[in-house]
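Report on the following structure.
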Number of protein chains: 2
Amino acid sequence: MPRNRPARRNDEPLADSGDSLLTFRDDEALGYCLRRAQVSVFQEFLSTFEDVSLRPVEYSILTLVHDNPGRKQIEISDVLGIKRANFVPIIDGLEARELVERRPSAEDRRANALYLTRAGLKFTLAVRKRHEALETELTLRLGGPAKRAELLELLRLLS
Amino acid sequence: MPRNRPARRNDEPLADSGDSLLTFRDDEALGYCLRRAQVSVFQEFLSTFEDVSLRPVEYSILTLVHDNPGRKQIEISDVLGIKRANFVPIIDGLEARELVERRPSAEDRRANALYLTRAGLKFTLAVRKRHEALETELTLRLGGPAKRAELLELLRLLS
DNA sequence: TATTGTTATACTCTATAACTATA
DNA sequence: TATAGTTATAGAGTATAACAATA
């Protein structure tokens, strides 16, 4: 949704002038603030990886296939909460870029086993490095690793 | 995105059995955890207000118009980060439900001033009550108001 | 019968361009 | 010339149904 106004106190009266700020109770609502932070961090991800055309979901798939080579499409898509029907064109894209390979599964001839190509491995290690730098930057903004851990803990309570 | 697996330690080795859990580094990544929590809380919002067909964006608009009656569409949509073109059908819907009214603006004949109808006011006060209950429930899950404030503070640092 | 990958399709969200009527 | 509201449209993301091959 957002990209929003500087925060203001909700208990301040609304001035009468034409272009005054609006009172906005929702900027203290958990759902709204979660959404705003999530969109902001995702946009930061997008601009960080713009030059290599990498979306968050593709990054997750690459790291997942890297750490779990040979898994079926359905196993990878399940972890990410992506319907198998919607997963197909995403893998199509990664395969067209020769980062990921579909190979017939040895145990189940219905299934595709997913692997990183050599180029995919190199790419994945590189973007993972950049992702770590992004996490470090965000951690700094939060006030250090303890604050980051605190945030992750609280987010987990809502998930 | 998610609806995910029980958390596990990323440093545990991946077992060889066919249906073992996958290693998933991203479940410690800020962006991913933010997204998961946001989706979860939004889904909770949707099921809470399912019987009155209220989406988060509509709730925000109603409270915003309630607290700032007579504002132009562009002023309300700007606060929420919604393009004015996309705002039109949303207001169409709220107007069709007779919760919100477009009235010609006194000062600017290009603009629509937005107001709650009598029914819209009643509806807004009712859903605001239920929203407060939802916030209370989430606050409980976080471990109390101090934890909630902590979370909001950390989210603001990322926004 | 059930599952894997796939196609087709639809619905929501979001983004842009262009039009009109005003300013 | 710029702005408010509107329309049309295109792109993502997400959801379901159905089919072929295989379990």
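Sequence lines set the chain letters: A, B, ... in the order given, protein chains first and strands last, and positions in each chain run from 1.
What separates CD1 of A/I90 from P of C/dT6 is a distance of 12 Å, to the nearest Å. Here C/dT20 presents its C1' atom at 13 Å from CG of B/N112, a figure rounded to the nearest Å. Computed from coordinates, the B/D92 CG to D/dA8 P distance equals 12 Å when rounded to whole Å. Rounding to whole angstrom units, CD of residue A/Q43 and C1' of C/dT14 are separated by 11 Å. In this structure, A/Q38 atom CD and C/dT14 atom C1' are separated by 14 Å, rounded to whole Å. Regarding B/I91, its CD1 atom lies at a distance of 14 Å from the P atom of C/dC13, rounded to whole Å. A/F42 has its CZ atom 18 Å from the P atom of C/dC13, to the nearest Å. In this structure, the CZ atom of A/R35 is 13 Å from the P atom of D/dG13, given to the nearest Å.
Comparing atom distances between the A/R55 side chain and each of D/dT6, C/dC13, D/dA12 picks out D/dA12 as nearest.
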Residues B/N68, A/T23; criterion side-chain hydrogen bond (donor to acceptor under 3.5 Å, both in side chains); working and verdict
CA-CA 7 Å; B/N68 307 275; A/T23 52; 3.1 Å; yes

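Listed here is the closest heavy atom pair of B/G120 and B/T124: O-OG1, 2.6 Å.
Here the side chain of A/E101 pairs no donor or acceptor atom with the backbone of A/E95 at under 3.5 angstrom.
Here A/E132 contributes atom CD and A/T139 contributes atom OG1; the two are 11.0 Å apart, rounded to the nearest 0.5 Å.
For the pair B/R55 and B/F49, the NZ or CZ position fails the cation-pi test of under 6.0 Å to the six-membered ring centre and within 45 degrees of the ring normal.
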A correct 5'-to-3' footprint of nucleotides 16-23 of chain D, with B, S and - meaning base, sugar-phosphate only and no protein heavy atom under 4.0 Å, is BBB--BBS

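Considering only residues two or more places apart in sequence or on other chains, B/H66 meets the ring pair (Phe, Tyr, Trp, His ring centres under 6.0 Å) condition with none of them.
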